[in-house]
Amino acid sequence: MDPHQEICRAIDAYRETAVTTSHAIHEHPELKFKEVFAAEQLCAAASALGIHVERAVAGLETAFRADFGAGGPTIAILAEYDALPNGHSCGHNLIAGAALAAVAGLHAIAPQLKGKIVFMGTPAEEGGGGKIILMNRGALKDVDAAMMAHPMDGEWSTMPALATYGVRLKFHGKAAHAAIAPWDGSSALAAMLQTFYAVDQARLHLRDGSRVHGIITNGGQATNIIPELTECHFVTRALTSKYAKEIAERVTQCARGAAMAAGTRVEETITSGYKNMVTNLTLAHRYAEHSRALGAPSPDPPPGLPTGSTDMGDVSHRMIAIHPVFAISNPGEGTCHEDVFVRHADSPRGYDAMIRVAKALAMTAYDLIAEPELLAAAKAEFAAGRGT
Ligand SMILES: [Zn+2]
Ligand SMILES: [Zn+2]
């Protein structure tokens with residue numbers, strides 16, 4: 001039988017296990033780095049397939065790595081499984097289920113594979129950068145190509161994820177009684193509010209595709225005291241890390257001006273976040289071919305498609321990587337991080353898409369191992385695009 005057909009048949013046979021596992025993870029949402037239940041489910045499923053599993057990889061309790069095969073390229077299929085405070089509103093239970101089913105499909109043809117498959121459990125995509133930690137500790141150092149797929153409200157071969165930077169600001173004012181002696185105080189809240197206005201004024205001058213958004217994490221101590229200390233946190237996003245950093249620096253300039261105007265002092269901390277996604281189009285288009293053949297055309301996204309950020313961006317700067325998105329809702333019916341998306345992530349449409357995506361991912365992984373010219377073309381594209 002054709003290996004592609006064998007893979008798809010094996011994934012169909014595995015459907016119930018994959019759906020049950022994904023559903024169980026959905027019903028036990030766990031925040032970043034605390035995904036003990038999810039990791040346990042996925043490791044148990046991989047072990048049941050007869051795959052050797054290593055837990056707590058690279059010192060991360062909820063990371064794992066299961067692999068099989070040898071004698072050729074190494075392809076990693078990444079699973080995310082962390083939730084948000086409102087549950088699985090990013091649908092990572094479907095990412096995990098798709099990765100597991102893809103690995104099951106590839107394991108079914110293991111004797112024919114002239115390469116290694118790595119099933120990598122990557123915690124804390126939602127703000128913890130688990131993949132960055134894993135890479136920095138060497139957990140992906142032997143990997144030639146990494147792939148995953150993310151649910152959304154559309155079907156696209158790539159997700160042009162933005163680079164991020166973080167800015168934390170602390171304003172130090174002078175406390176005073178707000179009615180008896182306000183002239184003795186200087187308001188850390190006034191400085192903070194001016195900062196937000198100044199950032200909004202600067203927004204016009206940012207390049208297209210950029211974002212700045214912030215929250216106040218400490219707005220003052222008591223209404224009858226001129227606020228002595230306030231704190232806020234901004235995230236900047238842009239097409240490149242370099243520009244996201246420039247925007248972060250602009251935010252701190254806004255803060256300095258505002259601090260001076262309010263007679264306060266500001267403490268700034270800028271931290272690098274996630275890198276932008278550099279999709280390997282050679283590989284993404286092969287994935288798209290398989291997806292189309294399975295009845296779900298997965299075209300390149302239109303310019304300016306609204307997008308978020310992911311630690312897969314950092315992976316894509318180090319190795320061949322793809323991060324297609326698959327539709328589990330229609331535009332207008334809710335998308336990632338919205339409450340309604342929690343339901344989409346546990347719906348018949350969601351699980352049907354998960355199984356289809358598992359097939360497309362698994363066939364793409366197989367092709368990379370079976371067709372040296374495909375891997376060579378993907379490698380050449382990666383080498384040419386380094387640093388973008
Ligand atoms: Zn998310
Ligand atoms: Zn997500």
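As the structure lists them, so they are numbered: ligands from 1, and atoms in each ligand from 1. The chain is numbered in sequence order, starting from 1. Computed over heavy atoms, backbone and side chain alike; hydrogens, waters and symmetry mates excluded.
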What is the number of protein N/O/S atoms located under 2.8 Å from the Zn ion (ligand 1)?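 If we list every protein N, O or S atom nearer than 2.8 Å to the Zn ion (ligand 1), we get 3.
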Tell me which pairs pass salt bridge (Lys or Arg N to Asp or Glu O under 4.0 Å) where either residue lies in residues 234-247, with sequence neighbours left out.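 Found K242-E246.
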Verdict with reasoning, E333 to R343, per salt bridge (charged side-chain N to carboxylate O under 4.0 Å, His left out): CA-CA 11 Å; E333 290 177 357; R343 281 210 312 277; over 6 Å; no
Give a yes or no answer on whether the side chain of E125 reaches the backbone of G130 with a donor-acceptor pair at less than 3.5 Å.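 Flag not set: sc E125 to bb G130 has no pair under 3.5 Å.
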Are E267 and H172 linked by a side-chain donor-acceptor pair shorter than 3.5 Å?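 On atom types as modelled, these side chains qualify, holding a pair under 3.5 Å.
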Electrostatic pair R256-E268, nearest N-O below 4.0 angstrom: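 Yes, R256 and E268 are salt-bridged.
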With E381, the side chain to side chain contact (heavy atoms under 4.5 Å, CB included) member among L283, I320, N280, V278: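 Only one of L283, I320, N280, V278 forms a side chain to side chain contact (heavy atoms under 4.5 Å, CB included) with E381, namely N280.
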